[in-house]
Amino acid sequence: MPAQDVRELRIVGFLCNWCSYGGADTAGVGRFTQPTDLRIIRVPCSGRIDPLFIVRALMNGADGVLVSGCHPRDCHYAEGNFYARRRLEMLKRFLPITGIDERRFEYTWVSASEGQRWQHVVTEFTRRIHELGPAPSFNPKSDVDWNALAVQASQGQGCPCHGSIQA
Amino acid sequence: MRIGVFICHCGSNIAGTVDCPSVAATALTYPDVVFSTDTMYACSEPGQDAIIQAVKDKNLDGVVVASCTPRMHEQTFRRAVERAGLNRYMFEMANIREHVSWIGKTKDLNTGKAAELVRMAVEKLRRNRPLMAKRFETTKRVLVIGGGVAGIQAALDCADGGQEVVLVEREQSIGGKMAKLDKTFPTVDCSSCVLGPKMVDIAQHPNITLYTCAEVESVGGYVGNFQVTVRRKATHVDWTKCTGCGLCVEKCPSRKHPDPFNENLCNAPSINIPFPQAIPKKAAINASSCLMLTKGKCGLCAKVCPVKCIDFEQKDELVNVDVGAIVVATGYDLFDWHKYPQYGEGRYKDVITSLQYERLLSASGPTGGHIKRPSDGKEPKNVVFIQCVGSRDKSVNRPYCSGFCCMYTAKQAILTKDHIPDSQSYVFYMDIRSPGKLYDEFVRRAMEEYGAQYVRGRVAMIYPKGDKLVVRGADTLAGTQVEVPADLVVLAVGAESAKGAVQLGEKLRVAPDQYGFFVESHPKLKPVETNTAGVFLAGACQGPKDIPASVGQGSAAASKVLGLLSKAMLESDPAVSRVNPARCVGCGKCIQTCPFGAIKEIQDRFGNPKAEVIDTVCQGCGICTVTCPQGAIQLEHFTDNQILAEVNALCPPKMFANFE
Amino acid sequence: MQIFNLADADQGFIDEVEARSHQNVKNCYQCGNCTAGCPYTFVYDYSVSQIMRLVQTGQKDAILKCRSIWLCGSCQSCTTRCPNKIDVARVMDVCRHMAREEGYATERSVKIFADSFLESVERHGRAYELGLMASYMTRSGRVFTDVDLAPQVLMRGKLPFKPHPIQGREQVARIFERFRKGGKNA
Amino acid sequence: MSQLDDLKTAIKSRLGDLECVIGWEQGYDPLHATPLFIRSEADLDRLIIGPLAVHNLATYLTGWKGKKVGVVVKGCDSKSVIELLNEKLINRDDVVIFGLCCDGVVSQRKIRAALPADPGFVESVEIGADSLKVTVAGQAATLRLDDVRADKCRVCDTPDALVSDFLIGKAHTPAPAPSLKCQDEFEAKSDAEKFAFWQETMGRCIRCYACRNACPMCVCRDYCIATSRDPLWVSQENLPSENMMFQMIHVSHLAGRCTECGECERACPVDIPLMLLRRYMNKQVRDVFQHEAGKALDQTPPLLTFKVEEERINERGW
Amino acid sequence: MLKVAYYPGCSGQGTSLEYDTSTRAVCKALDVELMDIPDWSCCGSSPAHTVNHVLSAALSARNLAQVEAMGMTKAATPCPSCLTNLRTASHKMDDPEFKDKVNALLDVPCKNSVDTQSVLQVLAENVDPELIKGKVVKPLTGIKIACYYGCIMNRPPEVMRFDHHENPMAMDNLMALLGAEVVPFPLKVECCGASYGIPRGDIVATLSGKLLDASRDVGADAIVTACPLCQMNLDLRQGQINDALRENFRIPVFYYTQLLGYALGIDRAELGFEKLCVDPRLALGRIKQPQQAM
């Protein structure tokens, strides 16, 4: 599994409790080996997933975000994934204008019984993110050496924010 | 906050590929974590005791357990922290077994991942708050919608269990489809002999109020406290006086409208009692054909009625009923076989449905139990049965198996031979579906003892030749095309959802599937529950079912109702949405998207509109939270800040990158 | 009857039939409705549903050698009535295409008739019925085909003696030419 | 009578029933307009319309909710009114709409760019049929209206108010360009270029929230989640990522609701081309839901509803 | 006046000359202008699609391209076999990949913008029945007619999009409008044996024999068709069928346009009754003269 040969990348998963989280559990119970990069956040329903969570993760430097819910029509709350599908599709289509590679975000449907499918999804998505490599940071590296300033501050040399004034 | 972290080894299940002590050590560096340890089996009794002890010794106000999936043991540990004196929601779980140790091979990667999942749980827990369930009283009364055999069973069981029952039936009499059947498989006992006594019990049970010719108009409220309005349609007969003597039926001169009870095989008088065993045994007027109501002259029934109960002025009546639980038992309808043009679309009178055939077989039917074909009244010799008409057929959007057609067709083939000994039955089938006690034996008997000719193949067309109908089909086992000159063709029409089911589902907030059958909570483990608390399903409204399965579900639904209403008070799940009225601008978007009608508009004391969540109705999906642009409505236990804390724990904002 | 080892199923054949017909033959559940309606069953060696079954199980030889695929009249009864919405007639067509390409002509007269017809179209741009008959009779050796009809036909002026060549017949001929160059992948 | 006279007559006829009527008047100089809140007939003298009347006055309507007001709208502004009505953020009975048939408005930004130097205070502006004569410090410059027209007017297909109680002016038959060149060019850039572009522009953003405050569809006002602690979506760090996060919140909350009035971009003091984001999102909404916000009454914003089968969402093969 | 591009089909030049002439005559009488497609070529008929679908579509598409060159989008043909080929080609060319393959064989690429219909559909859907009724000078009162549509004019419904695939009624309605007694013919869409007349006459004998038998059963004086191939099998080959089945059918088989023309009072010369092999005079004789009908 190539994903494990190199440094882990930061992949965040948002999974609905009833289907996909269960599917990931089923994959675990079946010992379906997967790359380890993914970290899963459990939410009650894909309808709870605000696309802005995904944006937040990407802005924070996540290299990939994977969302999974119940298959359409199978939502535990009847309609949650129908709303989710619209919201997530809009986000995915919107990302290109921001210059964020839309392949870094994917959404799909996995039921609680689809352990193998979950393994496939995770493996493929992780492979894709590794192909894309680490995401560029939205914030350019600051010229300010925060560490040095922090040291200065701890030595009682005034507030770092106003260092320039002092100088 | 003082948080304790427990890293479970789960024997070697986790410890095999995760360095649990190292995870525990890392956890101690996380904010607010004051205690961290690894433990062999956190869920075991000693494991739970250790958690409780630690809460007390270390004065903890939150607990994180990293072990298996929360779907397995979240409840276990919640109860444990509760025993330790904490609120059950001051607990978080990190899944380091199914999501880590069982799927990753490399120990150091697994260990790192486990530590991060614990970090995520800690960050979430830091934003948790104690949540309290609400307790509320329930109305000790049950509404059963639908008076077929499933609804009858549910109503009787609930009534026998001591609950008041209101049974609402759309038709004039209860009994449903079963009342129309002649005999039942696989015992070939008389349908009305079996059902009749149960129908009488309904009429006589002191706990049951029966409304027939009635439909549910609206449903409000929630589990434990539903407010239902029932529309009782005008029958133009005062049923408090009507004795069911039948004199009016006898004298009615208008007999031009088809008789629905007899599946339109014959006509019925405009004032009628549908069948001798009808419950309630009361007459009702068909307003669309009654001469008095359509033309203003006749009134013969009113003249002959000995108790003067005819009331041409009668109007629909709305009745309000408060109930604590609802059983939906609205049954099914027959597939409209006219969608198959190759069967003649009704041009050939001797192509009939299986239920029409039941009426021909029935002694109380239009032919007095003699099989006479509709076109010329002759006794048929060659009878062809075609199965899967509207079942297992994608082209008519009915890909599912209706389940009972194979069995009733075998029964009808047997009865045909009983009625007409020199007859020959041909059954075109695709597969025989007969799993059930004595079912397959029964089908074999139709073939072996009664000589029904089973032909494996569909029928492509029916066309008339002389006074016969030529049925052209395939015998796929022989690989040939076959033709049968038939005297009568009986279509084993499949089941589809009852007319109006989708609309009723909307009132009840019970989702229908794509075919209009109601969706149960869980296909295996919650077959009679729905995703709307307090609403239960019985019988074929959930999917095609035969009589024993429907009766079984009627009883099952009743036991769920009795269990629910046996509690003095109900508790609601506190992980529901909550509105911050200060942030709410009253735009109503959350109300629009809530699938459960759990949000209502209220006015604050300045008269501004605000949203308010009905705790006991909210199911906790969180659609509203995403819908609200102000973040004014937050799903407790999954608030924006809680989930954002998890995101930030996993992806620390990049501004910290410089500190690496 | 021969025993067919199911493990010998020709998956490539199944895939090719599916790809060329755009149909998923796995959707067929063998209800027999195609056979039930097929007017040509009486001259078939395998019924339509059996052909579908043979495709499902990858029995290429049996299909390409069979008579039925040549005798299908493309009357669309099977396609119209299939409960699984399979375009069965198209599958039959594709089987016949493949049989042709591999040199089978189990129902020789049908193949010759088609060849004669297309030859006539290629030459004149339109089908020239009398020429087509002549060509067919020469190739098939069945020189007495429909001679009984000749008087009626000729007497009523139903068959013109001369073809109606069209100006664009070169264009039509080029269609055939390019098709032959492109082979089955055209 | 001129369009302005017609408008004044119409306003006069209803002013008695209304708290006020919102229109435009000349601002701090003859080039700049500012909203005018007409409460008496005397105020009517100051009313102006025309290419300088750029503000989308629908922005003010939610602030007057519960009171009866009138509003003067151009075709584009009327879409905002419709969207507010559709979302029940205002009541139709409470609003009297004076709709204009609009010949387009100018972009102040383009005028500034077209003048030799930053104009500062403009002395006078003369509006011709297709030109604009601007006098600054005694120096007159004549600009072609076509050159300084706002971007949105170049692709406008709704010059006439779509909803109104009074429709004033001569109706148009618009034939808009299919898309804007600047938009097409930007979309054609590579991911890296676009990413760098937003990094740079968001580095410039001072999070003054002018874009939000000018937006007619931003109805949260004081309760915007970009400035709250619970929920806490955006940190107060002045980082490009946080500024971008705020813009993503804005665009996400506008998905399926934005009427492309362009007020956000117009209001931006540091010239961030926010409409690039808006137009792109709207294009996606059109493609997937065939929905255009504000084009018709009684539409539901597409993210507040769903279809069981979505014809245009093809789940990707996972 | 409705204008459609007209594709007569090869048999219209030969074995079904009378169908072509009568079609032209009735269309003219009903104000439907048939614009001949210049230099049309053979659609390939069934031999082409049994050889290859791209070749078949290309032979049809050449003609569709000719229609496009006329600047027209609607074409009509009397022949269901041509109709099937032209429509199927269009249908398959909805797939761009297939369209590219087809155009690779053509000199002039086809845009696939033409909707081809049968002349019957054009008449049924565009001509007001009242107009037809008003133009009837010789009602068909007295004759019993079985309408036979053939297998492919309405099937498969997804491609043909006309009338009903099991029980089409367009001709029934038309004939009834003209005053004929239309008997319920159960085998309206059963196959007659199609183009197997030459290579496998036995097939045609069996299948067409069933049709003749069924029409006799329902008491028809005549069969009415809309297909040259069906007409040929039932009419020209009726003798062969009688020989093969030891039967004695004498059922005339008309094109619907012939009877329509007859009712409209069109010159008999244009209707070509003399070209029918089974003598139609007895059947036509059953039609009551107008004064008798009154």
Side-chain angles (χ1 to χ4, degrees), chain C residues 20 22 39-40 42-43 71-77 79-80 87 89-90 93-94 96-97 100 107 109-110 112-115 117-118 120-121 124-130 133 136 140 145-146 148-149 152-153 156-160 164 166-169 171-172 174-176 178-179 182 184 186, chain E residues 10-11 13-17 39-42 44-55 58-59 62 66 84 95 101 104-108 150-152 155-157 159 165-166 189-191 193-203 206-207 210 236-237 239-240 243 274-277:
Chain C
R20 292 175 69 167
H22 294 277
Y40 293 87
F42 75 103
V43 285
L71 292 171
C72 164
S74 305
C75 78
Q76 308 292 336
S77 163
T79 295
T80 302
D87 190 343
R90 197 166 174 186
D93 252 5
V94 165
R96 171 150 47 179
H97 300 165
R100 255 180 183 273
E107 191 68 21
S109 59
V110 173
I112 291 173
F113 176 73
D115 290 345
F117 185 95
L118 291 175
S120 170
V121 175
H124 308 295
R126 288 183 194 160
Y128 166 46
E129 288 162 317
L130 203 62
M133 279 297 289
Y136 171 76
S140 63
T145 308
D146 286 344
D148 54 326
L149 301 179
Q152 306 192 51
V153 169
R156 289 178 169 80
K158 274 182 172 274
L159 284 185
H164 303 273
I166 63 165
Q167 289 171 344
R169 64 178 185 274
Q171 289 186 357
V172 175
R174 278 196 292 276
I175 293 177
F176 283 92
R178 291 184 193 122
F179 165 68
K184 70 173 182 183
Chain E
C10 300
S11 60
Q13 313 281 297
T15 42
S16 68
L17 206 59
D39 205 43
W40 56 270
S41 52
C42 176
S45 194
S46 34
H49 80 75
T50 60
V51 169
N52 185 286
H53 288 150
V54 177
L55 173 67
L59 289 170
R62 179 183 176 272
Q66 299 282 77
T84 292
D95 171 10
K101 284 185 184 172
L105 299 187
L106 295 177
D107 284 5
V108 181
C151 53
I152 48 177
R155 299 195 306 200
V159 178
H165 53 279
E166 293 285 354
V189 294
E190 283 292 288
C191 183
S195 59
Y196 290 112
I198 294 170
R200 285 290 300 261
D202 57 320
I203 295 180
T206 307
L207 296 180
K210 277 189 192 172
L236 176 63
R237 296 188 185 279
Q240 287 181 341
D243 293 347
E274 72 286 354
K275 296 219 182 242
L276 301 180
C277 297

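FYI, side chains are in, hydrogens and waters are out, and symmetry mates aren't considered; it's all heavy atoms of this structure. Reminder, nothing fancy here: chain letters follow the sequence lines and each chain counts from 1.
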Side-chain heavy-atom pair E:Ile198, C:Tyr136 within 4.5 angstrom cut-off: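 They are in contact (side-chain heavy atoms under 4.5 Å apart), so the answer is yes.
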
Is [X] close to chain C through its backbone or its side chain, or both, or neither, when contacts mean heavy atoms under 4.5 Å?
X        : answer
E:Ala58  : both
E:Asp243 : neither
E:Ser46  : neither
E:Arg62  : side chain
E:Glu274 : backbone
E:Ser195 : both

If we ignore angles and hydrogens, is there a donor and acceptor under 3.5 Å between the side chains of E:Arg237 and E:Gln240?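 Yes - a donor-acceptor pair under 3.5 Å links their side chains.
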
Counting N and O atoms only, with roles assigned by atom type, does the side chain of E:Ser16 sit under 3.5 Å from a partner on the main chain of E:Ser11, one being a donor and the other an acceptor?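 Such a contact is found between E:Ser16 side chain and E:Ser11 backbone.
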
Go through the atoms of [X] and report whether side chain, backbone, both or neither lie under 4.5 Å from a heavy atom of chain E.
X        : answer
C:Thr79  : side chain
C:Gln167 : both
C:Ser74  : both
C:His124 : neither
C:Asp148 : side chain
C:Phe42  : side chain
C:Gln171 : both
C:Ile112 : neither
C:Arg126 : both

Ion pair present between C:Arg20 and C:Asp93, side-chain N to carboxylate O less than 4.0 angstrom?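 Salt bridge: no.
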
Between C:Glu107 and E:Arg200, is there a salt bridge with N-O shorter than 4.0 Å?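 Answer for the salt bridge query: yes.
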
Name the member of [options] that forms the most heavy-atom pairs with chain E at distances under 4.5 Å.
options                               : result
C:Arg90, C:Arg156, C:Gln152           : C:Arg156
C:Leu130, C:Ile166, C:Thr145          : C:Ile166
C:Gly73, C:Ser77, C:Ala114            : C:Ser77
C:Asp115, C:Val94, C:Val110, C:Val121 : C:Val110

Do you know the tightest heavy-atom contact between C:Leu71 and C:Tyr40?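 Where C:Leu71 meets C:Tyr40 most closely, the heavy atoms are O-CD2, 3.4 Å.
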
[X] side, atom [atom1]; [Y] side, atom [atom2] - distance, nearest 0.5 Å:
X        : Y        : atom1 : atom2 : value
C:His22  : E:His53  : NE2   : NE2   : 10.0 Å
C:Phe179 : E:Asn52  : CZ    : CG    : 4.0 Å
C:Ile175 : E:Asp107 : CD1   : CG    : 7.5 Å
C:Lys158 : E:Thr15  : NZ    : OG1   : 6.5 Å
E:Leu105 : C:Arg178 : CG    : CZ    : 7.0 Å
C:Ser109 : E:Tyr196 : OG    : OH    : 9.5 Å

Does the plane of the ring in C:Phe117 sit parallel, tilted or perpendicular to the ring in C:Phe113? Use 30° and 60° as the thresholds.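 Taking C:Phe113 first and then C:Phe117, their aromatic rings sit tilted (interplane angle of 30° to 60°).
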
Which of the residues E:Pro156, E:Cys42, E:Ala194, E:Pro199 is involved in the greatest number of heavy-atom pairs with chain C at under 4.5 angstrom?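 The candidate making the most pairs under 4.5 Å is E:Pro199.
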
Any idea which of E:Leu207, E:Val51, E:Ile152 has the most non-hydrogen atom pairs under 4.5 angstrom with chain C?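 Sorted descending by pairs with chain C, the first entry is E:Val51.
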
